[in-house]
Amino acid sequence: MAHTHDHASQGHDHSHGAGHVHGSTDKKRVLIAACLTAGFMVVEVLGGLFTGSLALLADAGHMLADCIALGLAWYAFHLAGRPATVRLTYGFGRVKTLVAYTNGIAIFVIALWIIYEAWERLLTPAPVLGGPMLIVAIAGLLVNIGCFFVLHGGDRDSLNMRGAILHVLGDLLGSAAAIVAALIILATGWTPIDPILSVLVSLLILSTAWSLMREAAHVLLEGVPASLDRDLIARDIEGTVNGVREVHHMHVWSLDGSSNMATLHACLNDGVDAHRAVSAIKQRLAAHGIAHATVESEYGHCADRHDGHDGEHDHAHDAAPHHRHYH
């Protein structure tokens, strides 16, 4: 006898209230940051062209990408608020992770472009107006600091929000580098400092972008969240829930980097009440930070062993609709 819980019919509303509050405020924060970034980007482009500063143009390039990235991040939060559909039974929550991954790629491309431009500038130095460059860079730093603090107050467990913060952090570092470059140019007249600092900022951003992309890819591949240990959780259930003889076919993943989920088979001793056991298992999973779980209870042999083997990848998450369901 097998008992399953159907993902599609129930959704994942266990922590919907808290998630909705975070999503709503994060959406507003990202929109404010996008508007501030777009407004100053125009100023920085004009300032970079007027002063001949690659550092300012590089930062403006960051800001252009950030306008797009923050716009995508805002739209991802907007989509995430939509209810699940018949075709998208988990809803649109994973769009935020897709955007975070895309943002990481965008940062890579921008940083590589800046490094190329800096190399060209080192080969053929150009005059830079240090005074106007300093004024624009200071104004840019203030705007970026404002954007950073607006976003920093959001949900830092959200990959989408972290991607947005990373973009703004890149702008902030770019503005700081432009200020340093302007001061050195004013003091010494040494213009190569402009492309050199641009490269240093780009390399710094590349390492952070790689970390974001790797984490987003892990979520998209439905890997076990870094804060959880699947085998340890399975042994905990076997050791603490009465009547559970064995836990297998266990999969643990995250929908968007913050909402953790699990599916598992629980082999029960004869005579154990399945509903009570499943409820106790879900309580243990909740204690580990897994709010949504599908538990299939079994007696005797695993239902998936009908073909003679019990491979981890043979278990389908969406069990047959005629089975009884437990939530």
Side-chain angles (χ1 to χ4, degrees), residues 7 11-41 62-108 110 143-172 205 208-209 211-222 225-227 253-261 289 291-292:
H7 289 276
H12 48 281
D13 299 328
H14 303 267
S15 56
H16 177 72
H20 178 72
V21 171
H22 271 308
S24 178
T25 57
D26 288 349
K27 181 179 173 182
K28 292 176 183 176
R29 291 176 185 275
V30 169
L31 182 60
I32 292 170
C35 292
L36 288 173
T37 301
F40 193 76
M41 178 196 67
H62 273 290
M63 285 194 157
L64 175 61
D66 290 351
C67 290
I68 299 171
L70 291 170
L72 285 173
W74 175 85
Y75 190 60
F77 281 120
H78 176 70
L79 281 180
R82 292 185 179 181
T85 67
V86 175
R87 299 289 295 174
L88 295 171
T89 57
Y90 276 127
F92 296 82
R94 187 154 284 188
V95 173
K96 294 183 290 184
T97 308
L98 282 170
V99 169
Y101 187 78
T102 304
N103 277 345
I105 295 175
I107 294 168
F108 252 81
I110 294 166
V143 170
N144 288 321
I145 288 174
C147 290
F148 180 78
F149 278 108
V150 167
L151 295 177
H152 192 66
D155 180 13
R156 277 167 282 176
D157 287 332
S158 166
L159 283 175
N160 190 36
M161 178 57 77
R162 283 167 58 188
I165 291 173
L166 178 57
H167 272 282
V168 172
L169 184 61
D171 286 337
L172 198 153
I205 296 168
T208 316
S211 175
L212 175 68
M213 287 175 62
R214 184 175 57 188
E215 191 168 346
H218 188 75
V219 172
L220 293 174
L221 290 171
E222 297 192 341
S227 60
W253 73 101
S254 176
L255 184 66
D256 56 6
S258 58
S259 302
N260 299 325
M261 301 184 172
H292 180 85

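Basis for what follows: all heavy atoms, side chains included, without hydrogens, waters or symmetry-related copies. No experiment lies behind these values; they were computed from the predicted model shown.
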Checklist entry - Under the side chain to side chain contact (heavy atoms under 4.5 Å, CB included) criterion, do Glu222 and Met261 qualify, and how do the steps go? => result CA-CA 10 Å; Glu222 297 192 341; Met261 301 184 172; over 6 Å; no

Checklist outcome for this item: To the nearest 0.5 Å, atom CG of Leu79 lies from atom CH2 of Trp74 at 9.0 Å

Next on the checklist: How long is the straight-line distance from NZ of Lys27 back to CD1 of Ile32, given to the nearest 0.5 Å?
Outcome noted: 13.0 Å

Next on the checklist: Minimum heavy-atom separation for Ala217 and Tyr101, please, with both atom names.
Outcome noted: CB-CE1, 3.9 Å

Checklist entry - Roughly how far apart are Ser259 OG and Tyr90 OH, rounded to 0.5 Å? => result 11.0 Å

Checklist entry - Looking at side-chain heavy atoms only, is the closest gap between Ile145 and Leu172 below 4.5 Å? => result yes

Item to check | Distance, nearest 0.5 Å, that separates CG of Leu31 from CG of Asp26 | outcome: 12.5 Å

Next on the checklist: Give me the atom names and distance for the closest heavy-atom approach of Ser254 to Val219.
Outcome noted: O-CG1, 3.5 Å

Checklist outcome for this item: When rounded to the nearest 0.5 Å, the distance separating CE of Met213 from OG1 of Thr102 is 9.0 Å

Checklist entry - Which pair of heavy atoms, one from Ala76 and one from Val99, lies closest together, and at what distance? => result CB-CG2, 3.8 Å

Checklist entry - Can you tell me how far CG of Leu36 sits from CG of Asn144, rounded to the nearest 0.5 angstrom? => result 9.5 Å

Checklist entry - How far apart are the closest heavy atoms of Ile165 and Phe148, and which atoms are they? => result CG2-CE1, 3.7 Å

Checklist entry - Distance-only, no hydrogens or angles: does the Arg29 side chain make a donor-acceptor pair with backbone N or O of Val150 under 3.5 Å? => result yes

Checklist outcome for this item: Note: Leu255 and Thr97 closest approach over all heavy atoms is O-OG1, 3.9 Å

Checklist outcome for this item: Nearest heavy-atom approach of Val30 to Leu70 is CG1-O, 3.1 Å

